[in-house]
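First up is the structure itself, then whatever we jot down about it.
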Amino acid sequence: MQAAAAASLRDIDGDKAFESLFYEATRSERGKKRTAAASLLAQVDGVKALDNMIEAALQNTDGELHGAAVEALRSDSYREQSIRPLVENALWRPGFDRKENVDRREAAVQVLRRVDAKAAAHALCMVAVHGADEDRRRCAAQALVTVDRDHTAFKPLLKEAVAGATGSARRAAAAALLLIDGDRAFKDLFND
């Protein structure tokens with residue numbers, strides 16, 4: 001039924017429907033109405049909805065908008081698809097000044113922790129070991145310190161540090177482990 005409603009809204013006036021639903025999803029009172037609007041918004045235009053929710057979540061200047069966007073990203077309509085773009089925002093981005101990089105990365109890390117810490121830890125772990133360059137690997141490892149409070153990534157990183165396919169992967173995994181919990185990493189690596 002919701003899919004049919006979304007199709008009708010797109011046919012009538014997709015842009016206006018999107019604006020109205022985004023407003024309801026982020027500004028109406030917390031509850032079923034807001035949740036329903038966020039879900040319907042994802043069906044009207046999933047890509048645009050995800051982009052807008054992520055941007056709103058990363059804007060800490062408006063507490064109400066930020067909170068509503070994070071709440072939407074935690075929902076089934078957005079959660080799985082939001083991890084990869086949020087991880088990208090948590091990494092160093094060439095072409096942006098240092099302050100903008102740091103502010104956006106810190107905001108993305110906090111949102112990742114609230115949206116799905118376990119999935120975020122898995123994605124960050126992959127980047128920390130196999131990232132295309134040192135900046136991405138370092139930023140991913142730093143993000144893990146905040147996101148991965150339960151140390152979900154510790155065992156996979158330990159495995160990579162000991163038996164990774166390449167020397168660079170082993171070194172990157174060891175560096176991430178030392179950053180997350182140096183004492184534990186040293187003991188586990190020494191005893192392995």
Query - Those residues that, when tested against Pro156, pass side-chain contact (heavy atoms from CB on, under 4.5 Å) (two or more places apart) - result: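 Pro156 satisfies side-chain contact (heavy atoms from CB on, under 4.5 Å) with Cys125 only.
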Query raised in the report: Under the side-chain contact (heavy atoms from CB on, under 4.5 Å) test, which residues partner His130, sequence neighbours left out?
Result: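 side-chain contact (heavy atoms from CB on, under 4.5 Å) check on His130 returns Met126, Glu160, Ala169.
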Requested in this report: Flag the pair Glu71 and Arg114 as a salt bridge only when some basic side-chain nitrogen lies within less than 4.0 angstrom of an acidic carboxylate oxygen.
Outcome: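 No salt bridge links Glu71 with Arg114.
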Requested in this report: Considering only NZ, NE, NH1 and NH2 on the basic side and carboxylate oxygens on the acidic side, decide whether Arg136 and Asp133 come within less than 4.0 Å.
Outcome: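 Answer for the salt bridge query: no.
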Query raised in the report: Given the rule in the side chain to side chain contact (heavy atoms under 4.5 Å, CB included) test, do Gln81 and Val47 qualify, once you have shown the distances and angles that lead to the verdict?
Result: CA-CA 9 Å; Gln81 297 92 332; Val47 174; over 6 Å; no
Query raised in the report: Should Arg137 and Trp92 count as side-chain neighbours, where that means a heavy-atom distance under 4.5 Å?
Result: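 The answer is no; the side chains never approach within 4.5 Å.
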Query raised in the report: Do His122 and Thr152 come close enough that some side-chain heavy atom pair is under 4.5 Å?
Result: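 Of all side-chain heavy-atom pairs linking Thr152 with His122, none is under 4.5 Å.
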Does [Y] offer a backbone N or O that forms a donor-acceptor pair with the side chain of [X] under 3.5 Å?
| X | Y | value |
| --- | --- | --- |
| Arg79 | Arg74 | yes |
| Tyr78 | Met53 | no |
| Ser39 | Thr35 | no |
| Asp148 | Ala153 | yes |

**Report entry** Identified salt bridge (Lys or Arg N to Asp or Glu O under 4.0 Å) counterpart of Glu64 within the set Arg34, Arg30, Arg27
**Finding:**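 Looking at Arg34, Arg30, Arg27, the match for Glu64 under the salt bridge (Lys or Arg N to Asp or Glu O under 4.0 Å) is Arg27.
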Are [X] and [Y] linked, directly or through other ILVMFWY residues, by side chains that come within less than 4.5 angstrom of each other?
| X | Y | result |
| --- | --- | --- |
| Phe154 | Val147 | yes |
| Val102 | Leu124 | no |
| Tyr23 | Leu41 | no |
| Leu178 | Val127 | no |

Query - Criterion side chain to side chain contact (heavy atoms under 4.5 Å, CB included) on Leu157 and Leu144, from CA distance to verdict - result: CA-CA 11 Å; Leu157 284 170; Leu144 276 169; 4.1 Å; yes
Report task. Apply the test salt bridge (Lys or Arg N to Asp or Glu O under 4.0 Å) to residues Arg138 and Asp135: give CA-CA distance (whole Å), side-chain angles for both, the deciding distance (0.1 Å), then the verdict. Result -> CA-CA 5 Å; Arg138 177 178 46 79; Asp135 282 333; 2.8 Å; yes
Query raised in the report: Does CD belonging to Glu80 count more than 12 external heavy atoms closer than 6.0 Å?
Result: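 At most 12 heavy atoms, drawn from other residues, nucleotides or ligands, come within 6.0 Å of this atom.
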Requested in this report: Check the surroundings of atom CD in Glu134: do more than 12 heavy atoms from other residues, nucleotides or ligands lie under 6.0 Å from it?
Outcome: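 Result for CD/Glu134: open.
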Report task. Quick one: list whatever passes salt bridge (charged side-chain N to carboxylate O under 4.0 Å, His left out) with Arg105, sequence neighbours left out. Result ->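 Salt bridge (charged side-chain N to carboxylate O under 4.0 Å, His left out) check on Arg105 returns nothing, list empty.
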